[in-house]
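Below is one structure, written out as structure tokens, with a few remarks after it.
Only this structure's heavy atoms are used, side chains among them; waters, hydrogens and symmetry mates stay out. Just so you know, ligand 1 is whichever comes first in the structure, and atom 1 is the first atom listed for that ligand. This chain uses plain numbering: 1 for the first residue, then up along the sequence.
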Amino acid sequence: MKNLEREEIRDIKPYVPGKPVNDVKREYNLDKVIKLASNENPIGASPKVIEVISKNLNSFNIYPDGYCYDLRKKLSEIHNFNMNNFCFGDGSNEILGMLTQSFVNHGDEVIYCSPSFVEYNRLSKIMGATPIQINMAKDMKFDLNKILDKINDKTKMIFICNPNNPTGTIVTKKEVGEFIEKVPKNIIVVFDEAYFEFAIINKKYPDSLEYQRKGYNNIVTLRTFSKAYGLAALRVGYAIADKEIIDALEKVRYPFNVSTLAQLAALTALDDYEHVKKSVEIVIEGKNYIYSEFDKMNIEYIKTDSNFLLFKTEKLAKEVFDNLLKRGIIIRPMGEKLLRVSFGTMEENICFVENLKEVLK
Ligand SMILES: Cc1ncc(COP(=O)(O)O)c(C=O)c1O
């Protein structure tokens with residue numbers, strides 16, 4: 001049974017998620033664990049979502065609507081795009097995979113900056129393509145000029161993570177406007193906007209849908225219900241793009257990929273934008289608190305337009321991460337001395353800061 005797997009995937013490392021709460025409870029014999037590792041919503045889903053789900057528990061025997069009609073209709077009204085400009089996924093991660101499966105050939109090149117969402121690398125390699133990782137610009141944001149420099153005949157797809165995970169930085173309206181004009185129209189530019197709702201309060205943040213409305217039909221916009229809407233466990237994300245791109249995605253989409261409850265939850269969540277606003281406010285409060293504490297502690301960090309923060313410690317990240325785990329706090333090591341923390345409730349943020357002070361002593 002040795003060496004049966006495709007050569008392309010032989011050296012690929014499986015995706016490593018943030019450590020689950022129950023693993024840490026078990027391993028360290030702890031009753032209470034705080035997870036600030038996966039950029040989740042600390043106040044959970046809207047109460048309206050919880051109510052609607054609890055009233056719809058009698059539908060498990062029937063397959064979901066694979067077309068996601070109600071959700072599609074509602075989103076098409078919200079965004080003012082045609083219903084056939086949407087494709088739905090089991091989280092936006094699934095759509096990233098559908099994009100590479102539909103468009104990226106063996107030998108193609110896929111460009112993005114690094115550090116960014118690790119899936120761009122893994123999904124490109126699965127297709128036998130070459131990921132071209134470009135260093136971030138000095139201010140730790142995507143270097144769109146360097147991306148333009150790397151474009152050649154083999155380039156098939158460009159990923160722009162905006163805001164970028166894990167740096168939290170954005171590329172601006174002006175930068176994107178200049179960039180998109182110069183990208184050849186046979187290259188697909190994917191704007192991964194998983195953290196859109198946190199960034200939109202920054203006036204410089206570009207909404208990539210605007211460029212689609214202007215006629216750039218090589219753009220894909222990705223959004224998710226996992227972050228600001230608090231539905232990470234239910235798994236719903238979507239793409240908005242030109243119909244030709246959507247038709248290709250539909251060819252590789254698994255049937256019934258978004259569950260009935262997930263569709264219902266997303267539909268209901270769209271009716272409670274107050275909950276999203278409240279979630280964003282909590283994130284901003286947490287951000288201001290951690291900025292001010294980190295300033296006092298002389299910890300270097302990158303200003304973020306998202307619900308997480310990348311910071312640097314003098315001690316090794318692995319050591320800081322392990323010592324916080326023992327104290328029941330899960331964050332994410334991101335490099336030799338870099339760590340990422342998601343903003344939690346104020347109580348969680350205070351607990352994180354107090355424990356970090358101890359760990360860094
Ligand atoms: C930048 C980015 N894109 C996409 C995703 C995937 O999210 P989901 O599949 O839950 O929609 C994540 C998750 O952390 C992310 O950080």
Show which side-chain atoms of residues 173-181 pair as donor or acceptor with protein atoms under 3.5 Å away, not counting sequence neighbours.
| from | atom 1 | to | atom 2 | distance (Å) |
| --- | --- | --- | --- | --- |
| Lys173 | NZ | Lys203 | O | 3.2 |
| Lys174 | NZ | Glu178 | OE2 | 3.3 |
| Glu175 | OE1 | Lys141 | NZ | 3.3 |
| Glu175 | OE1 | Thr172 | N | 2.8 |
| Glu175 | OE1 | Thr172 | OG1 | 3.1 |
| Glu175 | OE2 | Lys141 | NZ | 3.0 |

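A salt bridge is defined here as a Lys NZ or Arg NE, NH1 or NH2 lying under 4.0 Å from an Asp or Glu carboxylate O, and Arg26 with Asp23 meets this definition.
In this structure, CD1 in Ile240 is found 4.0 Å from NE2 in His79, a value given to the nearest 0.5 Å.
Classification of the Tyr238-Phe88 ring pair by plane angle, with boundaries at 30° and 60°, yields tilted. Taking the six-membered ring where tryptophan is involved, the planes of Phe352 and Phe311 are perpendicular, since the angle between them exceeds 60° and thus also 30°.
Panel note: side chain Asn82, backbone Asn85; no donor-acceptor pair is recorded below 3.5 Å.
Pocket lining of ligand 1, defined as residues with a non-hydrogen atom under 4.0 Å away: Gly91, Ser92, Asn93, Phe117, Cys161, Asn165, Asp192, Ala194, Tyr195, Thr224, Ser226, Lys227, Arg235.
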